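The structure appears below as structure tokens.
Note that the coordinates shown come from a computational prediction; the quantities given were computed from them, not determined experimentally.
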Amino acid sequence: MPQYWLRAFAEDGHVLGRRRRGGAEHRTPVRRAAVARHFNTDPLADGERRVALETYLDRHVDGPCAPVLRVLREGQWPLDEAQHALALDALAWQVVRTQAFRSFDEQVGHHLFPALWAQEAVGYSEEQLGRPLSEAERLEVFWTAVRTAPDPSVIVDPRSALRASIRAFERTQGLLAAPGRRLVLLRSAEPLLVLADSGIALRRKDGTFGLTPPLLPETIEVFAPLSPTCLLISTPRAHYRPHRGLTRKIAAKANAGAAAWCQDAVYRPPSMPWPTHLPLAESPLEVRPPRLSAVPAQQPAGPAPTHPEIRRGELRAILEQLSHTPADQPPGSGTGGRT
């Protein structure tokens with residue numbers, strides 16, 4: 001969580017953090033709130049290359065975006081075209097640079113790993129036999145491999161989470177910039193909003209805050225509390241009325257999202273009371289296990305899905321760095337697992 005974002009919820013440099021486990025609250029300096037050491041560092045690089053993504057976020061995201069979010073807190077609206085683009089960047093990065101997104105990515109990988117392992121087992125069996133398997137044989141090999149698949153940790157790729165966040169940023173930014181979506185700024189005269197350590201919350205069309213894929217359907221709303229009195233929303237809907245301001249009803253929805261989407265803690269100014277009727281579950285959101293089925297292919301497989309193009313040169317270079325194993329690393333290190 002960027003410190004400039006947290007400071008808007010601080011008093012005398014401190015926030016009150018309420019943790020999931022036990023619900024105890026602690027007065028915490030901003031510099032120690034929502035912090036994860038080495039969260040964006042490259043474990044297989046040294047020197048400046050090790051912190052290439054952190055440096056990029058500092059120079060190209062937090063540095064330019066902080067002034068834009070500040071003028072939003074101050075009530076400047078609407079934004080000009082350049083400011084609007086930076087606000088979208090800030091929201092998109094806040095979706096993918098958090099422990100909540102990393103947990104989502106890891107859970108999806110854990111659920112899909114047995115099927116991917118089984119798919120590889122089918123191909124390996126055909127290679128070893130020197131012939132295609134029959135439909136019955138393919139299904140037998142597939143389901144046997146699913147049942148006997150090892151733990152995903154057997155394929156360790158310490159960089160996959162970093163690559164996933166970069167690629168997910170491109171998808172997220174594209175979604176938020178799509179025609180038909182808009183940004184809405186709502187303000188209140190009194191503090192009503194709390195802030196999750198994820199910064200944002202994704203609210204589905206049915207009003208839930210679930211983590212189950214797809215993570216970002218076209219109908220998703222992004223709730224981003226910018227201060228206790230200021231809420232920024234990315235939405236495809238037109239039912240918000242900015243002239244009515246931030247109502248208690250909308251603030252309650254945003255706070256419910258913060259309670260659902262936090263990984264560990266929710267923060268508020270020390271002088272602001274904890275919102276009434278806002279429970280904080282002991283565990284964060286979970287991806288529901290998929291229901292797996294398999295049938296013999298009736299037609300040749302189509303082209304494999306591709307990742308979106310990384311349009312920004314500096315970010316593309318970082319992704320390239322994270323996609324190749326350094327020469328001094330042992331074989332297999334950083335090359336397997338999800339991308």
So does R138 pair up with E126, basic N to acidic O under 4.0 Å? yes
Hey, are D89 and R312 close enough for a salt bridge, meaning a charged N less than 4.0 Å from a carboxylate O? yes
Determine, for E170 against R311, whether the closest basic-nitrogen to carboxylate-oxygen distance falls under 4.0 angstrom. yes
Return the minimal non-hydrogen interatomic distance between A118 and F142, and the atom names on each side. CB-O, 3.3 Å
A256 meets the side-chain contact (heavy atoms from CB on, under 4.5 Å) criterion, sequence neighbours left out, with F209
Counting only N and O atoms by type, is there a donor-acceptor contact under 3.5 Å from the side chain of R204 to the main-chain atoms of I220? no
Salt bridge between D42 and R159, side-chain N to carboxylate O under 4.0 Å? yes
Derivation of the side chain to side chain contact (heavy atoms under 4.5 Å, CB included) call for Q321 and L53: CA-CA 10 Å; Q321 171 188 323; L53 182 55; over 6 Å; no
Locate the shortest heavy-atom distance separating S323 from R167; write the atom from each residue and the value. OG-NH2, 4.4 Å
Do R163 and D105 sit within salt-bridge range, that is, some charged N less than 4.0 Å from a carboxylate O? no
Residues Y4, C65; criterion side chain to side chain contact (heavy atoms under 4.5 Å, CB included); working and verdict: CA-CA 10 Å; Y4 76 83; C65 293; 3.9 Å; yes
Lys/Arg-Asp/Glu bridge criterion (N-O < 4.0 Å) met for E282, R20: no
Please check if atom CZ in R131 has more than 12 non-hydrogen atoms from other residues, nucleotides or ligands closer than 6.0 Å. yes
Test: R59 and E314 ion pair at under 4.0 Å: no
Should E11 and S271 count as side-chain neighbours, where that means a heavy-atom distance under 4.5 Å? yes
Please find the pair of heavy atoms, one from E190 and one from R248, that lie closest to each other, and give the distance. OE2-NH2, 2.7 Å
Taking CD in Q119 as the centre, count heavy atoms belonging to other residues, nucleotides or ligands within less than 6.0 Å. Is the count above 12? no
Test side chain to side chain contact (heavy atoms under 4.5 Å, CB included) applied to F169 and V96, V95, V61, I310, the passing residue: V96
Side-chain donor or acceptor of Y240 paired with backbone N/O of L186 under 3.5 Å: no
Within the 4.5 Å heavy-atom criterion, are P228 and L192 side-chain neighbours or not? no
Around R316, counting heavy atoms of other residues, nucleotides and ligands shown, do more than 12 lie under 6.0 Å from its CZ? yes
Do the numbers put R102 on top of the ring of F39, so that NZ or CZ is under 6.0 Å from the six-membered ring centre and no more than 45° off the axis? yes
Answer yes or no: does atom CZ of R50 have more than 12 heavy-atom neighbours from other residues, nucleotides or ligands under 6.0 Å? yes
Side chains of I233 and L183: does their closest heavy-atom pair fall under 4.5 Å? no
